[in-house]
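Here is how names work: the chains are called A, B, and so on, in the same order as the sequence lines, proteins then strands, and each is numbered from 1.
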Protein chains: 2
Amino acid sequence: MKSPSQPRDRGIPEATVARLPLYLRALHGMAERGIATVSSEDLAVAAGVNSAKLRKDLSHLGSYGTRGVGYDVEYLVYQISRELGLTQDWAVAIVGVGNLGRALANYGGFVSRGFRVAALVDADPEVVGDTIAGLNVEHIDELEAVIKRRGVSIVVLATPAEAAQEVCERVISVGVTSILNFAPVVLSVPDGVDVRKVDLSIELQILAFHEQRKAGGPLMAVDSQ
Amino acid sequence: MKSPSQPRDRGIPEATVARLPLYLRALHGMAERGIATVSSEDLAVAAGVNSAKLRKDLSHLGSYGTRGVGYDVEYLVYQISRELGLTQDWAVAIVGVGNLGRALANYGGFVSRGFRVAALVDADPEVVGDTIAGLNVEHIDELEAVIKRRGVSIVVLATPAEAAQEVCERVISVGVTSILNFAPVVLSVPDGVDVRKVDLSIELQILAFHEQRKAGGPLMAVDSQ
DNA sequence: ATCCCTTTGTGAACCGGTGCACAAAGTCAC
DNA sequence: GTGACTTTGTGCACCGGTTCACAAAGGGAT
């Protein structure tokens, strides 16, 4: 008989939240391979983190391991999924159906468990009305209506930089509080709205910085004054 | 007469490096609008950060401001560009020309200052030989040869998850040490190789977590045991 | 030249997160 | 049931990063 040990601690550190999806992915892989139980050490290796960190992370959701044995894979998958809110279905709208928006709409692995692309919206009359990934592209004028009608709660911004702030404000005006922004701008939003940013250009620049350090190393004085 | 105050501190904090591209973007915008000088306060607002943090960040590259006045926009653009290694030209290869790879290849704003898509590589004979964004798609068998021939130093992985680790090892074997990974896997690489990861699915899951907290709030006990 | 005003650059306290190392807790063999 | 072994959960010291708050530095007016 096991006492389920409820998730007492309601304040999960941000750094932990960011790693839970990693653990979840590793666990799904293990479940598929028929692994029933896993130690913190093995799971940590699979997720590419330190095992002490993993144990501390999991301890924030409750005491779901068994000392001397490890964690039950299925059970842990369920607990993490529940914690992340993946046991419910999230309707996602993608605004901006250019190359990137199209890629996102079609990217099967990305919109997988728990997420569903519920709407595609664009301003270009050329693409409005097209069917992409089985969805009709709707006009930006309909933005607010579409979001309400489809119960969208997460919006993905794949618009040009100039349009992002305005779209952002419009979706917030109809109650959206979670935004994933691919446009290369700093969005300004009221408190209570979460924005996460994916910026390809920034990632490249960070790589370039380190690459330069490696290449130039201690020598290299090409044109530095 | 100004003494240029060389970039003495050769150890720039990682957190600072990650913000420099943000400052750079804001500065470019200001330069275009003809702004010659900017205070840490204004630049901080434009970049969406705290002004003390911005000043500390900039102080790591040297003393480029003037007390009572602010920073010279052009000069700062140059200094940050140089620090990030954007004064040289980086050849980037994109491996995997599916929806995402195609979007990246075409994404003009993304591969802008300092970066140049030098090669597209894919395994699918159907797309090999196609021209995308003005580039010929080459066969994965040619991977190592192409990277050496074009002087590629940064590789973008947009392959399916299964292929990522192998491609990763192959590009490392010909000297690549900077990888931007879009595939949803944890890559294992030797020391000295930098991997940055962009994972759409993880970002969504983090948003879902917070969204659930907001929605459910203090009540909400739908199916939690 | 002097004074006042603005803005930088940074010392110091603080905060969240990491990793070590170990006691507590549980399993398994006999 | 007992003892040896495994693995979790966590106390604690440490570290990088953030923020406040202010002295130092420069500009401009008179």
Side chains of Leu76(A) and Asp72(A) in contact at under 4.5 Å (non-hydrogen atoms): no
Under-4.0 Å side-chain N/O to phosphate OP1/OP2 contact, Tyr71(B) with dG26(D): no
Leu58(B) CG - dG9(C) P separation (whole Å): 8 Å
Contact letters for nucleotides 23-30 of chain C, in which S counts primed atoms plus P, OP1 and OP2 and B counts the base, heavy atoms under 4.0 Å: -BBSS---
Under the salt bridge (Lys or Arg N to Asp or Glu O under 4.0 Å) test, residues paired with Glu169(B) that sit two or more places apart: none
Under-4.0 Å salt bridge between Arg113(A) and Asp89(A): no
Residue pair Arg82(A), Thr87(A): steps toward the side chain to side chain donor-acceptor pair (under 3.5 Å) verdict: CA-CA 5 Å; Arg82(A) 192 169 55 79; Thr87(A) 50; over 6 Å; no
Listed partners of Arg19(B) passing salt bridge (Lys or Arg N to Asp or Glu O under 4.0 Å), at least two apart: Asp57(B)
Short N-O contact, Arg55(A) and Glu41(A), less than 4.0 angstrom: no
Side chain Asn106(B), main chain Arg102(B), donor-acceptor under 3.5 Å: yes
Value in whole Å for how far the C1' atom of dT8(C) lies from CG of Leu61(B): 14 Å
Ring-ring centroid check Tyr71(B) Tyr64(B), cutoff 6.0 Å: no
salt_bridge(Lys148(B), Glu144(B)) N-O dist < 4.0 Å: no
The single option from Val171(B), Leu143(B), Leu180(B) passing side chain to side chain contact (heavy atoms under 4.5 Å, CB included) against Val155(B): Val171(B)
Could I get a table of every N or O pair under 3.5 Å where one atom is in the protein and the other is in nucleotides 11-14 of chain D?
{"residue": "dG11(D)", "atom": "O6", "partner": "Lys56(A)", "partner atom": "NZ", "Å": "3.1"}
{"residue": "dC12(D)", "atom": "N4", "partner": "Lys56(A)", "partner atom": "NZ", "Å": "3.3"}

Overall bend - the helix from dA1(C)-dT30(D) to dC30(C)-dG1(D), comparing terminal axes fitted on five pairs, nearest 10 degrees: 10°
Contact list for DNA chain C against residues 35-55 of chain B - heavy-atom distance below 4.0 Å: Ser39(B), Ser40(B), Arg55(B)
